[in-house]
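Below: the structure, in structure tokens.
Convention: sequence-line order gives letters A, B, ...; per-chain numbering from 1.
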Amino acid sequence: MSVLRTPGGGRVDRERSLQFNFDGKAYAALQGDTLASGLLANGVHLVGRSFKYHRPRGILSAGAEEPNALVTVNPGAPRDTPNVLATQVELYPGLRAISQHRWPSLQYDVGRVNDALSAFFPAGFYYKTFKWPQRAWKSVYEPAIRRAAGLGRAPATADPDRYAQRYAHCDTLVVGAGPAGIAAALAAADAGARVMLCDEQSEMGGSLLAETMARIDGVPALDWALRALATLAGNPRVTLLTRTTAFGYFPHNLLGLNQRLGDHRADPDPGQPRQRLWMVRARQVVLATGAIERPLVFPGNDRPGILLAGAARTYLNRYGVKVGVRVVVVTATDAAYQTALDLHAAGVAVAAIADVRAQPVGVLPDAVSRAGIEIMPAATVLGTRGDRRVSEISLGRVQGGMVRPAARLACDAVLMSGGYTPSVHLFSQSRGKLVWNESLLAFVPGLSAECERSAGACRGVGDLTAALEDGAAAGLAAAPDPVRGSWRPLPEAGTTGGCGWLGALPQPQTTATDKAFVDWQHDVTTRDLALAAREGFRSIEHVKRYTTTGMATDQGKTSNLNALSIVASGLGVPISQVGLTTFRMPYTPVPFGSFAGTSRGALFDPVRRTPMHHWAQARGAVFENVGLWKRARYFPRAGEDMHAAVARECRAVRSACGIFDATTLGKIEVVGADAVEFMNRLYVNSWTNLAVGRSRYGILLREDGFVYDDGVVARTAADRFHVTTTTGGAPRVLAMMEDYRQTEWPQLKVWLTSTTEQWAVIAVQGPNARRVIAPLVEGIDLGASALPHMAVARGRICGAPLLLFRVSFTGELGYEINVPADFGATVWEAVHAAGQAHGMTVYGTETMHVLRAEKGYIIVGQDTDGTVTPDDAGLSWAIGKSKADFVGKRSLERASMRAPTRKQLVGLRSRDGRTVLDEGAQIAALPGQQPPMQLIGHVTSSYYSAALDHPIALALVAGGRTRLGQTLYVPMPRGEIEVEVTPPVFYDPKGERLNA
Amino acid sequence: MLIIVCPFCGKRPEIEFTYGGQAHITRPERPSELDDQAWAEFLYMRSNTKGIHAERWRHARGCGRFFNALRDTTTDHFVATYRIDEPQPQIEQPAEPVPPP
Ligand SMILES: [Zn+2]
């Protein structure tokens, strides 16, 4: 057993020793240890290198506030987890961890040279230096900074674990199971409340787990806590959640809790998720989140072996680990005196207590004096020594405003306490107002925004007696029926003296030789903060971003208040005027896995499939995602790539016929006595004179005049329209229609129904289309004059009710067969079978795109981008000229919306006859320009046309319709391409095939 | 996640709703009679309220109805929800803040 391990006591299991591995070396520890306590038990303090200067860093704390001891657990293994705190990693047999941010090794790090060169690394160094030349950023600066500054590495393999999510409701949620939280839970439960109590640690009890002196209800405080927790556990109306961090406080008392179920086990239960995200809606919330001890700011305060006094007490009393054999305590409060007494009793030499207060008096200082420990009042720290571990501390004495050297003491640990900072993170997240309390030197909760109250140390009530009473009162008040409660705690703890210290400790007027750190994790020093104030930064939010103080993964839990104090004194204003930076969730990092829960892989998003999906799948279709839909993109045959398959499909449609699944088109049924009026007001077109049994290409604008959606609209009865929308646009079009119907024109008698999934739609396109479907269709005359282009008729097909559109999105003779979705697969197969005698080929969305682009038909969202008017797209013919109003009409009347220089839709043809332009490529009027170039438009659609045997493209070009025949230039990665401006219709411009 | 009281369905979680922007902006009866300035005012100008804000919500994944709400933008708490055809309730101050313990 290590000499640093006490012979007994604490919360570790002395009967169960275990081995773990850190940076390739094996160590022994006990069940119940954290990685931090296990390392300290082996005398290991050095666990990492600092962010900027690569200085050796040790374990500073014993909890969630730890800025230094970030490690990777299970490196390279399935549960590879970077950036976890050694103070929160529970050891299990065989656990492997490595330090981060050092190269080549923790002991010898070449980045250490940064420390010697630190005059060149002041605040804002990165902002000031790595600006120019721009090229160097990508090739030189960024890779170097990334290598040097990176935290842990992201795991390379998929997360093998399962994560769960769960909603819960309760009367009273208590966050934090220290003395105040336990008292609150007991009081609320006693009054009959349904209580949830959560705590981030492996065991509930908080500070009581390391308490050796106080007594409550006549028994030692720890025994009281264990008894209280047993009482709560036995109450069926109480839920206890250990290893559960309340990381976020959301509106209406919704709190996010992350529960760790598997991380502390060598062999996690495969039936359990690794972590569980709780979303708890509480009637009342009690925050009992405690307080975080503040470091003191003095030169060389970051050496391994220098840690928080309260953490040293926790390691001793809870884990049975001495953090050193000869320690010096530097403090501004009485609390550290108890640490000194406990260490002294455990046989650790306490060389001295250096107290920054002029006259430390009280029960604890008296006890320390009686124990023979020297107290040095009015003390300050001038510096420390030690390579990779503190070996000496240099103390000074403040007298009459002057600082004089007082003593150099050899030691292997320095324990510091600057007082306690209330953990107001969750309160602040709840949008409660913080107020500055000058006597506590702290921001404490003021006015609440939620049904919430804080209790105990997190609102500055740090004394055990008072915290218990505060917790009990809060718990009772947070119960639905407080008068039922009768429970009160009976503590007998001594009262300790407070005070504390903010900012840097006093230094001699001469320049200090070593850095005094404020933010350990981001290497921010007193000088950086003073520099920011000198350079004119006034807002604490700006100072934070400029110096990066408080911006690391620990969010400044140990540093924020010291930084604030230094900035305030640099600016010469009180702290309350400087204000506080915003606390954001999460309180401590939460794995993405917890947020994702089961929403991963096949369950990431819902999938929409058409009735013909399985047929297409069986034919080897390649699918693409369009919204949530799976659409067949092309149907490759043996040996075909996409280009070959699409060329074959295109030729088949143009020469014989093709069959295409158009089911995903959005469909909305607009019905009612005022359906015509409603459509007139909404769409640009005129609908009054559209006969029953006819359809029209409709355009929908937003009120700002830009194209929002388009689609064929059929009048199927005097009071009924069958409106089709783009595949992705259906929900937003229906929402827009509902908006106008409900809120602008509620007097109109019209009803809207989504029918997208009620219809299966089979497009049959090509010169042979009529011959294919004629034998199958009953009750409709398919003759060219009986059923011309844009006609609609009802009949039957293969025994199914049929709504037949004669429409074309290919420029060929075409039909769209609408049948109830349940008949879709049967009718599809029948049509496909009938088509085989006529050269029918199935085609996908890629071929559909090529064919429509050959005809200059736009796709909303591809050839338009929210800044395109109907006229820009060459569609002003669709606008009902006699209509007084429609949505977007007034905006179209603005002069700038009719300017001839607007970007207009045109065709482009590559002059070389073979280069397919990149979609999104920019277009220049003049050749050979260097950046910054004058650009006049961009390519929106681009394909190789099999029918024409040359590339085609659609583009939006400034004043495009006046440029027909001109040569423009498209810069592409492999050089500039000359293109000719053409009309957007490349194929059959007269539309003869369409009307066949 | 907010809890929103649909005037037709009662208390429901926020994920059932979509936001609809500022309330009580009526589309002009005859837009063509407005000059560009007045049209731009209707189309684009919105208040950026700190405090009680009247806004539209739709219970999109419930009854589908639009309704109006008064929300305190400093706390996200809803002060009132009401039907489209009802006048805006006259509430100047936020709903009583929860007293500190
Ligand atoms: Zn509703």
[X] versus chain A, heavy atoms under 4.5 Å apart: side chain, backbone, both or neither?
| X | answer |
| --- | --- |
| B/Arg58 | side chain |
| B/Ile84 | side chain |
| B/Ile4 | neither |

Side-chain donor or acceptor of A/Gln742 paired with backbone N/O of B/Gly64 under 3.5 Å:
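The answer is yes, because a donor-acceptor pair under 3.5 Å joins these two groups.
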Any donor-acceptor pair under 3.5 Å linking the side chain of A/Arg281 with the backbone of B/Met1?
yes
Contacting moiety of [X], where chain B heavy atoms sit under 4.5 Å:
| X | answer |
| --- | --- |
| A/Asp470 | neither |
| A/Glu738 | both |
| A/Phe886 | backbone |
| A/Ala735 | both |
| A/Ser891 | both |

Can you list the steps and then say if A/Asp885 with B/Arg27 is a salt bridge (Lys or Arg N to Asp or Glu O under 4.0 Å)?
CA-CA 12 Å; A/Asp885 189 20; B/Arg27 188 174 188 274; 2.8 Å; yes
Just so I know, are the side chains of [X] and [Y] near enough to count as touching, which here means a heavy-atom distance under 4.5 Å?
| X | Y | result |
| --- | --- | --- |
| A/Arg890 | B/Leu43 | no |
| B/Asp85 | A/Pro746 | no |
| B/His77 | A/His252 | yes |
| B/Arg56 | A/Thr743 | yes |

For chain A, find which of B/Thr75, B/Thr26, B/Asp36 contributes the most heavy-atom pairs closer than 4.5 angstrom.
B/Asp36
Within 6.0 Å of NZ in A/Lys881, more than 12 heavy atoms from elsewhere:
yes
What do the steps show when you test A/Phe250 against B/Glu14 for side-chain contact (heavy atoms from CB on, under 4.5 Å), and what is the final call?
CA-CA 12 Å; A/Phe250 307 95; B/Glu14 183 186 343; over 6 Å; no
Contact leader toward chain B among A/Glu703, A/Lys889, A/Glu744, where contacts are heavy-atom pairs under 4.5 Å
A/Glu703
